[in-house]
Amino acid sequence: DSEDSKEETKAKGSLDVSDIVEEAMPSIVSITTKSVEEVQSYYGMFGQYGAYSPEQREVQGSGSGIIIGKNDTELLIVTNAHVVDNVSNLKCVFVDDQSVSATVKGSKSDQDIAVVAVSLSDIPSDTISKIAIAELADSDTIAVGQQVVAIGNALGEGQSVTNGIISALDRSITVNNVTFSGLIMTNAAI
């Protein structure tokens, strides 16, 4: 009888957050990046003719990804384009803290989505046994008020978990003159 109750609860989308985390966490990765940016050096102002001289410095970044599939040679991970665009030294950190080099397979900045690949031969077998491919659902079936859980690499500090509800559907926002539409709004802290 309690098993039937648990299945009914699961169908309604109100599973205990710890159950959701236990099921989903193996498919979540942290993504770390390095890029080089050019900054103006103020030391140059004391140089010849008082000119500023450009200086390059390495900048580290981070984000989250979800393992969505694999083929014969690669594990495929979806992430945000802004996390991986114009970066070098891209790495994925799996649930067991194993870090592996990755490459960008494709990116669409106007939809802020990218696919990253990790070579299966680079992933230790022990890690392979601990990770999972996410089970994706149909976003057309969600409803306002439904519970949600957000898992991700908040502020580059490692995985964290928050929860909330679906606040609204089919919202649009404009960021840097790019409009994103058909969005799902949630009050889960991200």
Side-chain angles (χ1 to χ4, degrees), residues 13 20-21 23-38 59-95 99-120 122-123 131-190:
I20 294 168
V21 171
E23 188 173 323
M25 193 66 87
S27 64
I28 308 296
V29 301
S30 295
I31 295 175
T32 62
T33 63
K34 288 183 182 171
S35 60
V36 175
E37 75 177 13
E38 201 169 88
V59 178
Q60 294 187 333
S62 64
S64 303
I66 304 168
I67 302 169
I68 57 163
K70 72 175 182 173
N71 57 33
D72 292 341
T73 59
E74 299 168 317
L75 195 65
L76 302 171
I77 297 160
V78 70
T79 188
N80 296 106
H82 73 262
V83 171
V84 298
D85 283 349
N86 304 314
V87 300
S88 59
N89 199 7
L90 181 64
K91 293 189 179 295
C92 285
V93 183
F94 295 102
V95 68
S99 179
V100 179
S101 292
T103 56
V104 178
K105 294 285 282 187
S107 175
K108 287 189 65 101
S109 295
D110 63 336
Q111 294 180 2
D112 197 21
I113 194 162
V115 175
V116 170
V118 174
S119 177
L120 290 174
D122 290 344
I123 306 172
I131 61 178
I133 295 170
E135 184 180 330
L136 302 180
D138 182 355
S139 62
D140 290 339
T141 65
I142 63 171
V144 171
Q146 195 169 18
Q147 295 182 46
V148 293
V149 175
I151 305 171
N153 182 19
L155 305 174
E157 295 293 327
Q159 302 296 20
S160 63
V161 179
T162 63
N163 72 330
I165 62 166
I166 300 294
S167 305
L169 300 172
D170 201 26
R171 290 291 169 98
S172 297
I173 60 168
T174 301
V175 179
N176 297 330
N177 295 322
V178 177
T179 299
F180 301 94
S181 58
L183 302 178
I184 300 166
M185 182 178 175
T186 175
N187 68 343
I190 298 176

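Worth knowing before you read on, the calculation uses all heavy atoms, side chains too, and leaves out hydrogens, waters and symmetry mates.
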Enquirer: As an exercise, state the distance from CZ of Phe94 to CD1 of Ile77, rounded to the nearest 0.5 Å.
Expert: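 Rounded to the nearest 0.5 Å, the CZ-CD1 separation comes to 5.0 Å.
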Enquirer: Go through the steps to decide whether Leu75 and Leu120 satisfy the test side-chain contact (heavy atoms from CB on, under 4.5 Å), and finish with yes or no.
Expert: CA-CA 6 Å; Leu75 195 65; Leu120 290 174; 4.1 Å; yes
Enquirer: Working to the nearest 0.5 angstrom, can you tell me the gap between Lys108 NZ and Ile113 CD1?
Expert: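 Output value for this atom pair is 10.0 Å.
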Enquirer: Side chains of Thr174 and Thr179: any donor to acceptor distance under 3.5 Å?
Expert: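 There is such a pair between these side chains.
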Enquirer: What distance do Ile131 atom CD1 and Cys92 atom SG have between them, rounded to the nearest 0.5 Å?
Expert: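 These two atoms lie 10.0 Å from each other.
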Enquirer: Would a distance-only check, ignoring hydrogens and angles, find a side-chain to backbone donor-acceptor pair under 3.5 Å from Thr79 to Ser64?
Expert: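 Judged by distance alone, yes, a pair lies under 3.5 Å.
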Enquirer: Quick check: closest heavy atoms across Phe180 and Val175, and the distance to 0.1 Å?
Expert: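 So the minimum-distance heavy-atom pair works out to CE1-CB, 4.2 Å.
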Enquirer: What residues, two or more places apart in sequence or in another chain, satisfy side chain to side chain donor-acceptor pair (under 3.5 Å) together with Thr103?
Expert: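 Residues passing side chain to side chain donor-acceptor pair (under 3.5 Å) with Thr103: none at all.
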Enquirer: For atom NZ of Lys70, is the number of surrounding heavy atoms from other residues, nucleotides or ligands below 6.0 Å larger than 12?
Expert: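 It does not: Lys70 NZ has 12 such atoms or fewer within range.
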Enquirer: Between OG of Ser160 and CG of Asn153, what distance do you get to the nearest 0.5 Å?
Expert: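 Nearest 0.5 Å value for the OG-CG distance: 8.0 Å.
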Enquirer: Identify the heavy atoms of Ala189 and Thr162 that sit nearest to each other, and give their distance.
Expert: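 Smallest heavy-atom distance, with atoms named: O-OG1, 2.7 Å.
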Enquirer: Using the test side chain to side chain donor-acceptor pair (under 3.5 Å), find all partners of Lys34 that sit at least two apart in sequence or belong to another chain.
Expert: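 Per chain and number, Lys34 pairs via side chain to side chain donor-acceptor pair (under 3.5 Å) with no residue.
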Enquirer: Would you call Thr186 and Ile165 a side-chain contact if the rule is heavy atoms closer than 4.5 Å?
Expert: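 Answer no - side chains too far apart.
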Enquirer: Can you give me the closest heavy-atom contact between Leu76 and Ala117, atom names plus distance?
Expert: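 Smallest interatomic distance, heavy atoms only, reads CD2-CB, 4.1 Å.
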Enquirer: For the residue pair Val161 and Met25, establish whether any side-chain heavy-atom pair is separated by less than 4.5 Å.
Expert: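 SC-SC contact between Val161 and Met25 confirmed.
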Enquirer: Determine the minimum heavy-atom distance between Val84 and Ala114, stating which atoms define it.
Expert: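 Nearest pair, atom of Val84 first, then Ala114: CG2-CB, 3.6 Å.
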Enquirer: Looking only at non-hydrogen atoms, find the nearest pair between Asn71 and Thr73 and report the distance.
Expert: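 Looking at all heavy atoms of both residues, the closest pair is OD1-N, 2.9 Å.
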Enquirer: Distance check, rounded to the nearest 0.5 Å: Thr32 atom OG1 versus Leu90 atom CG?
Expert: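 Here the interatomic distance stands at 7.0 Å.
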Enquirer: Asp138: what forms a side-chain contact (heavy atoms from CB on, under 4.5 Å) with it, not counting sequence neighbours?
Expert: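 If we apply the side-chain contact (heavy atoms from CB on, under 4.5 Å) test to Asp138, skipping adjacent residues, the hits are Asp140, Thr141.
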Enquirer: Work out which heavy atom in Val118 is nearest to a heavy atom in Ala102; give both atom names and the distance.
Expert: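 Closest pair (atom of Val118, atom of Ala102, distance): CG2-CB, 3.8 Å.
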Enquirer: Is any side-chain heavy atom of Val149 closer than 4.5 Å to one of Asn163?
Expert: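 Heavy-atom side-chain distance check passes, below 4.5 Å.
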Enquirer: Using side chain to side chain donor-acceptor pair (under 3.5 Å) as the criterion, list what pairs up with Ser88, not counting sequence neighbours.
Expert: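 Per chain and number, Ser88 pairs via side chain to side chain donor-acceptor pair (under 3.5 Å) with no residue.
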Enquirer: With sequence neighbours excluded, tell me which residues meet side-chain contact (heavy atoms from CB on, under 4.5 Å) with Ala168.
Expert: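 Residues passing side-chain contact (heavy atoms from CB on, under 4.5 Å) with Ala168: Arg171, Met185.
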Enquirer: Decide if atom CG of Asn89 counts as having more than 12 heavy atoms of other residues, nucleotides or ligands within a radius under 6.0 Å.
Expert: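 Atom CG in Asn89 is packed in, count exceeds 12.
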Enquirer: Quick one: OG on Ser27 to CD1 on Ile133, what's the gap to the nearest 0.5 Å?
Expert: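 It is 9.5 Å, given to the nearest 0.5 Å.
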Enquirer: Tell me whether Asp112 contacts the main-chain N or O of His82 through its side chain, where contact means a donor paired with an acceptor under 3.5 Å.
Expert: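 Present.
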Enquirer: Mind checking what makes side chain to side chain donor-acceptor pair (under 3.5 Å) contact with Ser167, not counting sequence neighbours?
Expert: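 Residues passing side chain to side chain donor-acceptor pair (under 3.5 Å) with Ser167: none at all.
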